[in-house]
Amino acid sequence: MTTLTAQVTPGVWVAHGTRDEWIQAGPHPHDRAAAATLPAWRATEFLASRALLRHLLRATLPAQADAPVHADDHGRPALTGHPDTGISISHDGDAIAVAVAPHRRVGVDVQQPADSVPDTLLRRCLGEHTPAVSALPERQRAAELAWVWTVQEACVKAAGTGLSGRPWEIDVPPGRPRGQWESYEWISLRERSRTPLSCAFSALRGPVTRSSAVRSPVTRSSALRGPVSRSSALRSSASRGDVETLCS
């Protein structure tokens with residue numbers, strides 16, 4: 001099993017894989033219990049994304065890899081007993097992504113582009129940048145919108161506001177690989193992922209202690225292989241259907 005894993009900035013890691021690959025990992029007891037009451041389709045994406053999250057934690061923060069996952073006061077997934085470690089989870093179709101960032105708030109989003117997008121959707125999510133994207137061939141229009149949306153969604157996930165934060169109003173210049181929104185920096189992994197994938201993160205909060213030190217550093221272009229256990233979306237990212245509903 002091969003997973004794209006990148007340290008996008010010192011202390012912020014993102015991993016991306018597929019649901020069909022990571023559902024093969026043996027579930028962690030905490031995650032198995034949490035998925036027990038879910039419908040079968042929901043349990044599959046839940047357990048696959050939890051597996052990827054715990055795999056990334058074992059590679060970066062192994063002392064925290066077995067912690068239960070709960071929702072914090074803002075609805076963000078959080079590691080029980082480790083409130084200073086930011087985590088985020090996203091899935092869309094077969095694509096899943098997770099992020100880990102000690103002493104930061106973090107958000108990640110992955111989107112599979114639609115075959116086409118209506119002009120109303122482009123105008124709502126792209127604002128003044130709409131003309132430049134509207135001129136592109138249909139598939140490129142859809143792909144660029146997906147890249148922009150992953151930034152917008154990652155930002156509000158990091159902030160803990162979710163869709164109530166009106167992510168479609170966040171200004172994201174098309175083609176831009178990184179930028180700033182309020183107190184959050186965002187990065188799109190355009191050169192490393194074929195599937196639109198972005199993360200957003202806050203400034204470092206306090207010193208990094210020995211307990212949060214990385215045992216096995218993950219480089220910007222390294223690939224982690226092999227399942228460990230399962231990851232979730234306590235608050236899943238918006239799917240393409242959500243985007244079309246909210247932005248049209």
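Put simply, the side chain of Asp94 gets close to the backbone of Arg19: a donor and an acceptor are under 3.5 Å apart. Put simply, the side chain of Lys157 never gets that close to the backbone of Leu163: no donor and acceptor are under 3.5 Å apart. Here the side chain of Glu185 pairs no donor or acceptor atom with the backbone of Ala200 at under 3.5 angstrom. Looking only at distances, a side-chain donor or acceptor of Ser193 sits under 3.5 Å from a matching main-chain atom of Thr195. A donor-acceptor pair is defined here as one N or O able to donate and one able to accept, closer than 3.5 Å; no such pair exists between the side chain of Asp92 and the backbone of Ala95. Checking side-chain atoms of Glu144 against main-chain N and O of Gly175 turns up a donor-acceptor pair under 3.5 Å. Checking side-chain atoms of Arg104 against main-chain N and O of Ser202 turns up a donor-acceptor pair under 3.5 Å. Using a distance-only test at 3.5 Å, with no hydrogens or angles considered, a donor-acceptor pair links the side chain of Arg54 to the main chain of Ala67. A side-chain donor-acceptor contact under 3.5 Å links Ser88 to the backbone of Val108.
Val14 places none of its side-chain heavy atoms less than 4.5 Å from the side chain of Thr5. Side-chain contact between Leu121 and Cys125: present, with at least one pair of heavy atoms (C-beta onward) separated by less than 4.5 Å. Contact of the Arg205 side chain with the Arg105 side chain is registered, since non-hydrogen atoms from C-beta on lie closer than 4.5 Å. Annotation: side chain of Trp22 is in contact with side chain of Ile96 (closest heavy-atom distance under 4.5 Å). Phe201 has its side chain within reach of Ile187: a pair of non-hydrogen atoms, C-beta onward, lies under 4.5 Å apart. Using a 4.5 Å heavy-atom cutoff, the side chains of Ile23 and Leu47 are in contact.
For the 3.5 Å distance criterion, the side chains of Ser90 and Asp109 qualify, holding a donor opposite an acceptor.
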- Task: Check the pair Asp171, Trp181 against side chain to side chain contact (heavy atoms under 4.5 Å, CB included), reporting the backbone distance first and the verdict last.
- Result: CA-CA 8 Å; Asp171 181 49; Trp181 172 71; over 6 Å; no
- Task: Begin with the C-alpha distance, continue with both residues' side-chain angles, and end with the deciding distance and a verdict on side chain to side chain contact (heavy atoms under 4.5 Å, CB included) for Val148 and Leu126.
- Result: CA-CA 8 Å; Val148 169; Leu126 297 177; 3.7 Å; yes
- Gln64 and Thr85: side-chain hydrogen bond (donor to acceptor under 3.5 Å, both in side chains), yes or no, with the steps? CA-CA 9 Å; Gln64 302 180 25; Thr85 298; 2.8 Å; yes
- Query: Can you list the steps and then say if Leu145 with Val133 is a side chain to side chain contact (heavy atoms under 4.5 Å, CB included)?
  - Reply: CA-CA 8 Å; Leu145 177 64; Val133 177; 5.7 Å; no
- Can you check side chain to side chain contact (heavy atoms under 4.5 Å, CB included) on Ile87 and Val98, steps first, answer last? CA-CA 7 Å; Ile87 62 171; Val98 299; over 6 Å; no
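Around the CZ atom of Arg176, the shell of radius 6.0 Å holds no more than 12 heavy atoms that belong to other residues, nucleotides or ligands. In this structure, Glu191 places its CD atom where only 12 or fewer heavy-atom neighbours from other residues, nucleotides or ligands lie under 6.0 Å away.
Between atom CG of residue Asp20 and atom CD of residue Glu45 there is a gap of 12.0 Å, rounded to the nearest 0.5 Å. Distance check, rounded to the nearest 0.5 Å: CG of Leu79 to CG of Leu57 gives 5.5 Å. In this structure, CG on Leu52 lies 11.5 Å from NE2 on His91, to the nearest 0.5 angstrom. Atom CD of Gln111 is separated from atom CD of Glu153 by 7.0 Å, given to the nearest 0.5 angstrom. Within the model, atoms CG of Leu197 and CH2 of Trp147 stand 6.0 Å from one another, a figure rounded to the nearest 0.5 Å. Here the CD1-CG distance, from Ile89 to Leu53, works out to 5.0 Å after rounding to the nearest 0.5 Å.
With sequence neighbours excluded, no residue forms a salt bridge (charged side-chain N to carboxylate O under 4.0 Å, His left out) with Arg194. The ring pair (Phe, Tyr, Trp, His ring centres under 6.0 Å) test applied to His30 returns His28, not counting sequence neighbours.
The aromatic rings of Trp168 and Trp149 sit parallel, their planes meeting at an angle under 30°, below the 60° perpendicular limit.
Shortest non-hydrogen contact noted between Val106 and Ala99 is CG2-CB, 3.8 Å. Closest non-hydrogen pair, Arg32 versus Pro27, comes out as NH2-O, 3.5 Å. Contact detail for Gly107 and Ala158: the closest heavy-atom pair is N-CB, 3.5 Å. Pro196 and Thr150 make their closest contact through O-CG2, 3.5 Å (heavy atoms, listed as atom of the first residue, atom of the second, distance). The two residues Tyr184 and Ala159 come nearest to each other via the heavy atoms OH-CA, 3.3 Å. Here the shortest heavy-atom pairing between Ser198 and Ser188 reads OG-OG, 2.7 Å.
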Sequence neighbours left out, cut at 3.5 Å: what donor-acceptor pairs do the side chains of residues 134-141 make with other protein atoms?
{"residue": "Ser134", "atom": "OG", "partner": "Thr130", "partner atom": "O", "Å": "3.0"}
{"residue": "Glu138", "atom": "OE2", "partner": "Val117", "partner atom": "N", "Å": "3.0"}
{"residue": "Arg141", "atom": "NH1", "partner": "Asp119", "partner atom": "OD1", "Å": "3.2"}
{"residue": "Arg141", "atom": "NH1", "partner": "Ser134", "partner atom": "O", "Å": "3.4"}
{"residue": "Arg141", "atom": "NH2", "partner": "Val117", "partner atom": "O", "Å": "2.9"}
{"residue": "Arg141", "atom": "NH2", "partner": "Asp119", "partner atom": "OD1", "Å": "3.0"}

